[in-house]
Structures are given as C-alpha cells and as structure tokens.
Visitor: 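A single structure is presented below for examination.
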Amino acid sequence: MKKEIKRYFYLTAGLFILSFSQGCPSFLVQADTVVDNQNATANVFFNVTAPSANTWSITAGNFSFADQIISGGQVSVNSASDNPIVVTNLSGTNTAFSIQQRISDFTLSTNSTVLPVTAFNVTVGSSTDGKLVGAAAINIFKQNGEVLRSGNGANGKMTSGNVSAQLLVDGSTKAIAAGTYSATITSTIVTGP
C-alpha cells in the first residue's frame, strides 16, 4: 500500500500595500515567487519608504491655572501641563533641531482686556531615552524661547519629560478685571546645525 503525503503551505504571497495617513511611511511587501504546487517557498521583501513631505510634527499640552485673588503686587502662579511635548521626526535622519515656544497676551474671554503679565516661564524635562534635552524657566512671554532641543539619535516619535509653567502677573499697576483669561502658545520646530 502506498501512502500519499500531501503538504499544504499557507502563505499569502503576491503584492499588497498598507497605506497610512499623510506623513507616515509607506510599506511595500512582495514575494519573488508564487507559492503553488511547483514552488514550496518564496522570499518576501519589505520596502519601506520614508515620506518626503510633512516629516516633522509636534504636539504640546495645555496649562490651566487655578483661580487667583490679586490684591496688588506681583503674583506668581504655577501649573503643570496636561501632556508632555511630543516631537515626531520621520525624515529618516538625526538632523539637529530645537523647539521654540512663544505665548501671546492673556485676554479676557468677554472682551479685549489684557492681563498685565510680566513673564511666562516654561520648564520642560528631558526625555528618558536622551533623545530630547529640556530646559528650565525659559520666559516665552511674547518672545521665542528654546524649551527643548535634540539629543542623541533624535528621530522617530520622541516624548519629553514633564512640562510646567510659572505665570507672573503684575497686580500693582492697575486693577485687574475678574474673569477667565486665555492665551495661545505657538510651538516652532527649528532644524539645522
């Protein structure tokens, strides 16, 4: 009696492409041979192409300061950011960079009254992997300040340490209207040596 042995190979061979949103790498996977009754194996090749546009991105958290009673003099209020700074470098290089931030005037939500801010000092902790180097007490009020810079091997997705801010308000020069004030922080990635 002859015993027949059948071998079954299950391999999805051929060509397929995984697509991602703009700015993410594309992956091309293909096999050199179709697996069928004449070919039991195939070599699979992965080609990864880094994007050529939108290779950098940054996200930063928000600060929320508790209610304060200002009765004259300088007032200092501290707040922790709700998230660290996340920098993504998909350029495929370790290009040196820095993150600069700038905050606008604080304006009252009901009208254009401006809070008499004298400084907005930001402290950013370094990343645990050494890819991002933080800075301490950088005043970014209506001026650019370098709050973060690249460290060793700074590519891919990188997350800073904790982020905090100190808001200084001069309550001695004029009466401050009660209400909610807000400002906008602009973050800029500066690349180059």
Side-chain angles (χ1 to χ4, degrees), residues 21 23 54-91 94-193:
S21 63
N54 300 318
T55 58
W56 291 87
S57 68
I58 182 170
T59 57
N62 298 300
F63 296 98
S64 181
F65 295 89
D67 292 343
Q68 298 295 313
I69 296 174
I70 299 176
S71 59
Q74 184 90 323
V75 176
S76 173
V77 186
N78 295 317
S79 176
S81 175
D82 58 357
N83 286 300
I85 296 173
V86 177
V87 180
T88 304
N89 171 8
L90 298 179
S91 68
N94 293 331
T95 301
F97 65 89
S98 66
I99 304 299
Q100 293 183 354
Q101 290 187 324
R102 175 188 188 100
I103 193 166
S104 65
D105 277 320
F106 284 75
T107 55
L108 189 59
S109 59
T110 57
N111 61 40
S112 59
T113 300
V114 175
L115 190 65
V117 172
T118 58
F120 191 87
N121 299 316
V122 174
T123 297
V124 180
S126 299
S127 64
T128 57
D129 59 8
K131 291 183 177 185
L132 297 175
V133 179
I138 304 299
N139 185 7
I140 64 167
F141 182 60
K142 297 191 333 185
Q143 64 187 9
N144 287 328
E146 183 179 297
V147 298
L148 201 57
R149 65 179 172 78
S150 58
N152 294 328
N155 59 39
K157 183 176 180 181
M158 301 161 280
T159 303
S160 75
N162 293 331
V163 181
S164 61
Q166 175 192 39
L167 173 64
L168 298 174
V169 179
D170 183 2
S172 65
T173 57
K174 66 177 187 173
I176 297 174
T180 302
Y181 291 80
S182 63
T184 301
I185 295 177
T186 303
S187 297
T188 305
I189 300 172
V190 180
T191 61

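Computed from a predicted structure; not experimentally measured.
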Visitor: For a quick check under 3.5 Å, do Asp170 and Ser172 share a side-chain donor-acceptor pair by atom type?
Guide: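 On atom types as modelled, these side chains qualify, holding a pair under 3.5 Å.
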Visitor: Report the C-alpha distance between Thr59 and Asn83 in whole Å, list the side-chain angles of each, state the deciding distance to 0.1 Å, and finish with yes or no for side-chain contact (heavy atoms from CB on, under 4.5 Å).
Guide: CA-CA 9 Å; Thr59 57; Asn83 286 300; over 6 Å; no
Visitor: Distance check, rounded to the nearest 0.5 Å: Leu167 atom CG versus Phe106 atom CZ?
Guide: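 Going from CG on Leu167 over to CZ on Phe106, the span is 5.0 Å.
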Visitor: side-chain contact (heavy atoms from CB on, under 4.5 Å) between Ile189 and Ile99: does it pass, once the steps are laid out?
Guide: CA-CA 5 Å; Ile189 300 172; Ile99 304 299; 3.6 Å; yes
Visitor: Which heavy atom of Thr95 sits nearest to which heavy atom of Trp56, and what is that distance?
Guide: O-CH2, 4.1 Å
Visitor: Output all residues satisfying side-chain contact (heavy atoms from CB on, under 4.5 Å) with Asn144, sequence neighbours left out; order by chain, then residue number.
Guide: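 By the side-chain contact (heavy atoms from CB on, under 4.5 Å) rule, Asn144 matches Gln100, Arg102.
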Visitor: Please list all pairs passing the side-chain hydrogen bond (donor to acceptor under 3.5 Å, both in side chains) test where one or both residues lie in residues 126-136, with sequence neighbours left out.
Guide: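 Pairs touching residues 126-136 that pass the test: Ser127-Asp129.
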Visitor: How far apart are the C-alpha atoms of Phe141 and Leu168, what are their side-chain angles, what is the distance that settles it, and do they pass the side-chain contact (heavy atoms from CB on, under 4.5 Å) test?
Guide: CA-CA 10 Å; Phe141 182 60; Leu168 298 174; over 6 Å; no
Visitor: Looking at CZ of Phe120 and CD of Gln101, how far apart are the two atoms once the value is rounded to the nearest 0.5 Å?
Guide: 8.5 Å
Visitor: Test side-chain contact (heavy atoms from CB on, under 4.5 Å) on Tyr181 and Ile176 and set out the steps.
Guide: CA-CA 11 Å; Tyr181 291 80; Ile176 297 174; 3.7 Å; yes
Visitor: Can you confirm whether more than 12 heavy atoms, excluding those of Asn111, are under 6.0 Å from its CG atom?
Guide: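 Yes, the 6.0 Å shell around CG holds more than 12 heavy atoms from other groups.
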Visitor: Quick check: closest heavy atoms across Val124 and Val147, and the distance to 0.1 Å?
Guide: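 Heavy atoms of Val124 and Val147 come nearest at CB-O, 3.5 Å.
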Visitor: What distance do Lys142 atom NZ and Ile103 atom CD1 have between them, rounded to the nearest 0.5 Å?
Guide: 11.5 Å
Visitor: Verify, without hydrogens or angle tests, whether Asp105 (side chain) and Thr107 (backbone) share a donor-acceptor contact under 3.5 angstrom.
Guide: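 No: the side chain of Asp105 does not pair with the backbone of Thr107.
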Visitor: Check the side chains of Ser91 and Asn89 for a donor-acceptor pair under 3.5 angstrom, ignoring hydrogens and angles.
Guide: yes
Visitor: Which atom pair, heavy atoms only, marks the closest approach of Leu108 to Ala178?
Guide: CD1-O, 3.8 Å
Visitor: Between CZ of Phe63 and CG of Asp82, what distance do you get to the nearest 0.5 Å?
Guide: 8.5 Å
Visitor: Considering non-hydrogen atoms only, spot the tightest contact between Met158 and Leu132 and give its length.
Guide: CB-CD1, 3.7 Å
Visitor: Please list all pairs passing the side-chain hydrogen bond (donor to acceptor under 3.5 Å, both in side chains) test where one or both residues lie in residues 153-168, with sequence neighbours left out.
Guide: Ser76-Gln166, Asn94-Asn155, Asn121-Gln166
Visitor: For the pair Ser150 (side chain) and Phe97 (backbone), establish whether a donor and an acceptor sit closer than 3.5 Å, ignoring hydrogens and angles.
Guide: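 Such a contact is found between Ser150 side chain and Phe97 backbone.
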Visitor: Could you tell me whether a side-chain N or O of Thr184 sits under 3.5 Å from a main-chain N or O of Ser104, the two making a donor and an acceptor?
Guide: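 Checking the backbone N and O of Ser104 against the side chain of Thr184, no donor-acceptor pair under 3.5 Å is found.
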